[in-house]
Every structure is written in structure tokens, then in C-alpha cells.
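Quick notes on the structure that follows.
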Amino acid sequence: MIAFVAGPVAALGPDTAVVEVGGIGIDVRCTPDTLSGLRVGEPARLATSLVVREDSLTLYGFVDDDARRTFELLQTAGGVGPRLAQAMLAVHRPDDLRRAVATGDEKALTAVPGIGKKGAQKLLLELRDRLGAPVGTAPRPTAVASREDSWQEQLHAALTGLGWSAREADRGVREVEPEAAARVAEGARPELPVLLRAALRRLGAGRAG
């Protein structure tokens, strides 16, 4: 098993990072939250989980071991594969997922693309004794955006990467523009993970309605 990769970041995409390890570029699939803390040319260390299929080997990368362990535990539930597990971690941090499961919060789970009401109920039952209790992890500081793209482009790519249509992604970007504008007015840069979670909540609420 590849427990982690460490080296300079060679390239970044909407859902992947290429980390140079010993002269080899390792392609690692990451959430927007993880990608937001990376910069091309700068060193990175990502906890990783290798998913083996008959026709593919996919390496998933995470900001820390807690996120990696949560990713693997989520897949012990029926119907949860690596893509859905990663989508869950794109919407919620590990401790937020533990809290949602501990409190039976269906709405938190249905905010994840691909999880409906029945699926959320099933996951709450299956994961209750697997994820454990919230540990009170302090929120991680958010690094500045790692690419030169605007936050709108990054957010749009993140939403479409999670399965929303281009039209829905456009609406998600519009929904959070006031929050981004407020950040800019304060002299700060819009934080992609925060905007992504806000957009997902609003898009999910729109579908539920």
C-alpha cells in the first residue's frame, strides 16, 4: 500500500494533483479542499489510499491521515465506492461526517451529490458504529488558491467534477457570489472549500424543493 506521497507539485487539475516522486509524476485524485492547499512547484505531502480495480489503479490523496482513514471507512458501507466517499469528503470534513452520523443528520448527507433520502438513512445505520465519535478537530487553515484561475472557474470545475451539470454549476457559482464579494471587500481571497460547501448546500436544497 502507498501510505503517502511527498515531493514537489508538478501540475494541478480540477480534481487531480501530479506529485513528482523520484523523477516520476504520480497522479493523485484529490478533493477541492485538498487541492486548495497545493501550489505548483512547492513541496507537498499527501496521505494516500490506493484503490485497485481489474482495469485500473487509482491513487486518492488527502491532506492528512484522518481524512484518508475516513475515506476508507466510508467504503465499508454498502453502495459506497471511492468516488462517492471522496464526494462526501469534498462536502464535509471528517469530523463533520462523524458528527452527522452520530446525530442522525440526514440533511448533511443528502447535501452530497448522489445521496438521496433513503441512501442517507441507510448510511446513517451502517456507519453509526464505524466512523466513531467526533474528535473536535479544529478547522484547518485554508491556503490561498493554488492556480491562477478565478475562484469562479475553480468552483465551477469542482461542482462539475462532483457530478453537477454545467448549468447547475453556473447556478451554484451565482448563489455564492455575495459571500465571495464580501471576502474580497474585507481584503481577503475567496476560500474555495468554503464556497464549495455553500454552493452544494444551496444546490441540494434546490433539488429537494
Side-chain angles (χ1 to χ4, degrees), residues 1-6 13-19 21 26-38 44-137 139-140 157-164 192-193 196-197 200-201 203-204 207:
M1 177 180 175
I2 302 174
F4 70 90
V5 295
D15 60 357
T16 59
V18 178
V19 179
V21 180
I26 306 295
D27 189 270
V28 187
R29 192 175 296 273
C30 305
T31 66
D33 198 0
T34 301
L35 291 171
S36 71
L38 305 178
R45 185 185 189 279
L46 297 174
T48 56
S49 179
L50 181 63
V51 175
V52 180
R53 295 287 184 265
E54 290 185 3
D55 58 349
S56 67
L57 296 172
T58 305
L59 196 62
Y60 290 83
F62 308 91
V63 71
D64 56 28
D65 289 333
D66 185 28
R68 175 183 56 78
R69 285 192 297 268
T70 303
F71 171 78
E72 293 171 349
L73 285 170
L74 289 172
Q75 292 176 75
T76 64
V80 179
R83 287 184 179 275
L84 183 56
Q86 190 182 49
M88 294 172 76
L89 286 167
V91 179
H92 301 293
R93 290 191 172 96
D95 219 37
D96 295 330
L97 282 172
R98 287 190 284 263
R99 188 171 294 106
V101 171
T103 60
D105 188 352
E106 289 182 19
K107 288 185 177 180
L109 295 186
T110 55
V112 179
I115 299 181
K117 183 177 177 64
K118 290 184 178 179
Q121 293 171 343
K122 180 174 179 288
L123 286 172
L124 289 173
L125 288 173
E126 291 195 33
L127 294 172
R128 183 171 299 162
D129 299 322
R130 302 182 192 184
L131 289 188
V135 296
T137 303
R140 296 190 300 272
L159 288 169
T160 54
L162 287 171
W164 298 90
L192 179 60
L196 176 63
R197 291 185 176 92
L200 288 168
R201 284 195 299 270
L203 288 172
R207 279 187 173 177

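Computed from a predicted structure; not experimentally measured.
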Contact between E106 and L124 at the side-chain level, heavy atoms closer than 4.5 Å - yes or no?
yes
Is there side-chain contact between L97 and L109, with heavy atoms separated by less than 4.5 Å?
yes
So, taking the atom named [atom1] in [X] and the one named [atom2] in [Y], what distance separates them when rounded to the nearest 0.5 Å?
X: K117; Y: T110; atom1: NZ; atom2: OG1; answer: 8.0 Å
X: R69; Y: L131; atom1: CZ; atom2: CG; answer: 12.0 Å
X: T70; Y: R98; atom1: OG1; atom2: CZ; answer: 5.0 Å
X: L59; Y: C30; atom1: CG; atom2: SG; answer: 8.5 Å
X: F62; Y: F71; atom1: CZ; atom2: CZ; answer: 4.0 Å
X: Q75; Y: R83; atom1: CD; atom2: CZ; answer: 12.0 Å

Residue pair [X] / [Y]: nearest heavy atoms and the distance that separates them:
X: A108; Y: A100; value: CB-CB, 3.8 Å
X: L35; Y: A17; value: CD2-CB, 3.9 Å
X: A90; Y: L196; value: O-CD2, 3.8 Å
X: D65; Y: A47; value: OD1-CB, 3.4 Å
X: V91; Y: P113; value: CG2-CD, 4.2 Å
X: A6; Y: V19; value: C-CG1, 4.0 Å

Side-chain donor/acceptor of [X] to backbone N/O of [Y], under 3.5 Å:
X: T48; Y: I2; result: yes
X: K122; Y: G78; result: yes
X: R130; Y: T76; result: yes

Check R68, Q86, E72 against S49 for a side chain to side chain donor-acceptor pair (under 3.5 Å) and give me the one that passes.
E72
side-chain contact (heavy atoms from CB on, under 4.5 Å) between L84 and L74, intermediate numbers included
CA-CA 9 Å; L84 183 56; L74 289 172; over 6 Å; no
I115 vs M88, side-chain contact (heavy atoms from CB on, under 4.5 Å): CA-CA, chis, key distance, verdict:
CA-CA 9 Å; I115 299 181; M88 294 172 76; 4.0 Å; yes
